[in-house]
Amino acid sequence: MRKTILCGLFLFLTATGFTQHAHLPFVEKSSIKWAAYANDTFRFTELNLNLFLRDQLVNNKIEARLTDYDHNTQIKVTVDSVKERISPNKILKVIDSTGNVVDEMVAAQNQLYDDRYFNPFTNNLVDIQQAIFVEDGRLRSHIAWVSPMYFVVTSMGMELGISNAFQTAFNSNPTIKKKWKKKALYLGKSSKKYMLNLLTAGTPLLKPMYGKNLLEAIWPYLGKKDMLLQDPSSLTMLSIKDISMFLLDSSVVEVPVYNEKGAIIEYKKTDLKDIPIPLTNVPFVMLEQEWFYISSHNKIYSNILSIECWSNKTHQGKVDELPSPFLKIIQAK
């Protein structure tokens, strides 16, 4: 039975964002109508990818690099240089209660397997550099590379947080060959939240298509036969004609009518189902993805299965404090 990926940490998307990345040249193709960064961290329960990639590096089966300070240049690294990055010289200073160094000890025999750096939180945590894009009317995913994460501990024993041990699984081609997929390791599924408003730590755009967000970019294609529409609350399948404001609120309200001077002259009763969905007011979507690792080519691929749209519903003029799903867009295989 396939397990669901446990999501460990939602990171707001990286600031390297607005310059074209060397591993994402394909977004310039005319067939791609919209593209954005969607970098995040994942925990795959079907395979501990963090440990697997460390093993692969130790056995010289994969190439590893680190991004230089210019955020674009990548420097090839070795097993020894990765170990040195995690714990320089393997030495940990011992301090007393007054803060004085009283001794030194070996921090780790092998930094790539020490639970000081790969503790229960980081041991199976990976950071994935992902781009999502609209092509042929579908929202697709491309994985530029993946990084095993480790816990940063200074030589004085101070814990600073998490960082990437190295980068690998480099890929600049978003197309997966069917013969590769047959031999791929299945990693599982994930459900992740992505903000749509750039001003609230949203997805940095690579190809904005007139400034549209993810939902606005995919909306014109919802009538395609391979796009299934569902009401998440009832699991009822919907037609394209059903997609209107009634999904958010079916109540009748009184809308003011103004004269040329801007004064209200009357109130007209309007059913909210006749008003188009305000896509710019949808705060976030949940992307459901399935993941694969091609061991022979050291690449990761992902299919976006569905896009669940969330918003704050309105009941009799009052807006709910918490958002809830109002539409699920299922991308049929």
Side-chain angles (χ1 to χ4, degrees), residues 1-14 38-67 77-93 105-130 141 143-171 184-193 288-295 298-302:
M1 179 176 177
R2 294 178 174 178
K3 300 177 183 177
T4 301
I5 297 174
L6 301 177
C7 303
L9 176 67
F10 174 71
L11 298 178
F12 286 132
L13 309 171
T14 60
N39 304 339
D40 213 335
T41 54
F42 296 85
R43 301 179 190 277
F44 299 117
T45 56
E46 295 292 326
L47 173 70
N48 185 338
L49 190 60
N50 185 317
L51 177 59
F52 182 84
L53 292 174
R54 280 182 275 145
D55 288 341
Q56 294 287 84
L57 178 66
V58 169
N59 293 312
N60 295 314
K61 292 184 177 180
I62 60 173
E63 179 185 8
R65 307 176 198 164
L66 284 171
T67 302
V77 294
T78 63
V79 176
D80 289 339
S81 62
V82 172
K83 289 180 178 179
E84 186 71 9
R85 168 182 171 80
I86 294 172
S87 177
N89 303 315
K90 297 195 297 184
I91 299 300
L92 185 68
K93 298 182 184 299
M105 59 179 290
V106 176
Q109 295 299 326
N110 189 330
Q111 297 95 317
L112 283 168
Y113 296 103
D114 192 274
D115 59 10
R116 181 180 290 105
Y117 311 108
F118 296 94
N119 57 26
F121 180 76
T122 58
N123 183 57
N124 66 342
L125 186 67
V126 293
D127 177 68
I128 290 182
Q129 303 289 311
Q130 180 180 199
S141 166
I143 314 304
W145 69 73
V146 62
S147 304
M149 306 302 288
Y150 76 100
F151 208 76
V152 180
V153 181
T154 69
S155 61
M156 300 294 287
M158 183 181 297
E159 299 177 343
L160 300 181
I162 62 174
S163 184
N164 59 326
F166 58 88
Q167 299 160 356
T168 190
F170 301 100
N171 190 5
L185 297 174
Y186 180 72
L187 299 177
K189 294 181 180 179
S190 68
S191 183
K192 282 284 187 175
K193 174 181 177 180
E288 181 187 19
Q289 296 177 253
E290 61 178 356
W291 300 83
F292 305 89
Y293 177 70
I294 315 295
S295 182
N298 188 31
K299 297 183 189 301
I300 291 179
Y301 288 90
S302 174

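- Formation of a donor-acceptor pair under 3.5 Å by the S302 side chain with backbone atoms of E290 is found in this model.
- Q167 is linked by a side chain to side chain donor-acceptor pair (under 3.5 Å) to T67, Q74, counting only residues two or more places apart in sequence or in another chain.
- Applying the side chain to side chain donor-acceptor pair (under 3.5 Å) criterion to S295, with sequence neighbours excluded, gives no partner residue.
- To the nearest 0.5 angstrom, Q289 atom CD is 8.5 Å from I128 atom CD1.
- Residues I143 and K299 form no side-chain contact, since every pair of their non-hydrogen atoms from C-beta on lies 4.5 Å or further apart.
- Of all non-hydrogen atoms in L112 and R54, the two that sit nearest each other are O-NH1, 2.6 Å.
- Y150 meets the side chain to side chain donor-acceptor pair (under 3.5 Å) test with no other residue; sequence neighbours excluded.
- Taking the side chain as every heavy atom from C-beta outward, L66 and V82 never approach each other to under 4.5 Å.
- Residues Y113 and D55 meet the side-chain proximity criterion, which asks for heavy atoms closer than 4.5 Å.
- A side-chain donor-acceptor contact under 3.5 Å links T168 to the backbone of E63.
- Note that the CG atom of D40 and the CG atom of D127 stand 8.0 Å from one another [nearest 0.5 Å].
- With F42 as the aromatic partner, K192 meets the cation-pi criteria of under 6.0 angstrom to the ring centre and within 45 degrees of the ring axis.
- Residue F44 holds its CZ atom at 10.5 Å from OH of Y186, rounded to the nearest 0.5 Å.
- Side chains of Q111 and S87: no donor on one and acceptor on the other come within 3.5 Å.
- In this structure, F118 and M149 approach most closely via the heavy-atom pair CE2-O, 3.3 Å.
- Note that CG of L185 and CD1 of I294 are 8.0 Å apart. Values are rounded to the nearest 0.5 Å.
- Looking at residues two or more places apart in sequence or on another chain, you find a ring-ring contact (aromatic ring centres under 6.0 Å, His included) between Y293 and F52.
- In this structure, CD on E46 lies 8.0 Å from CG on L187, to the nearest 0.5 angstrom.
- Heavy atoms only, all atoms of each residue included: N110 and K83 are closest at OD1-CE, 3.3 Å.
- Qualifying side-chain contact (heavy atoms from CB on, under 4.5 Å) partners for N48, counting only residues two or more places apart in sequence or in other chains: N50, L51, N123, N124.
- A search for side-chain contact (heavy atoms from CB on, under 4.5 Å) contacts involving N119 returns F121, T122, F151, not counting sequence neighbours.
- N164 contributes no side-chain N or O that, together with a main-chain N or O of P148, makes up a donor-acceptor pair within less than 3.5 Å.
- At least one side-chain heavy atom of L49 sits less than 4.5 Å from a side-chain heavy atom of I300.
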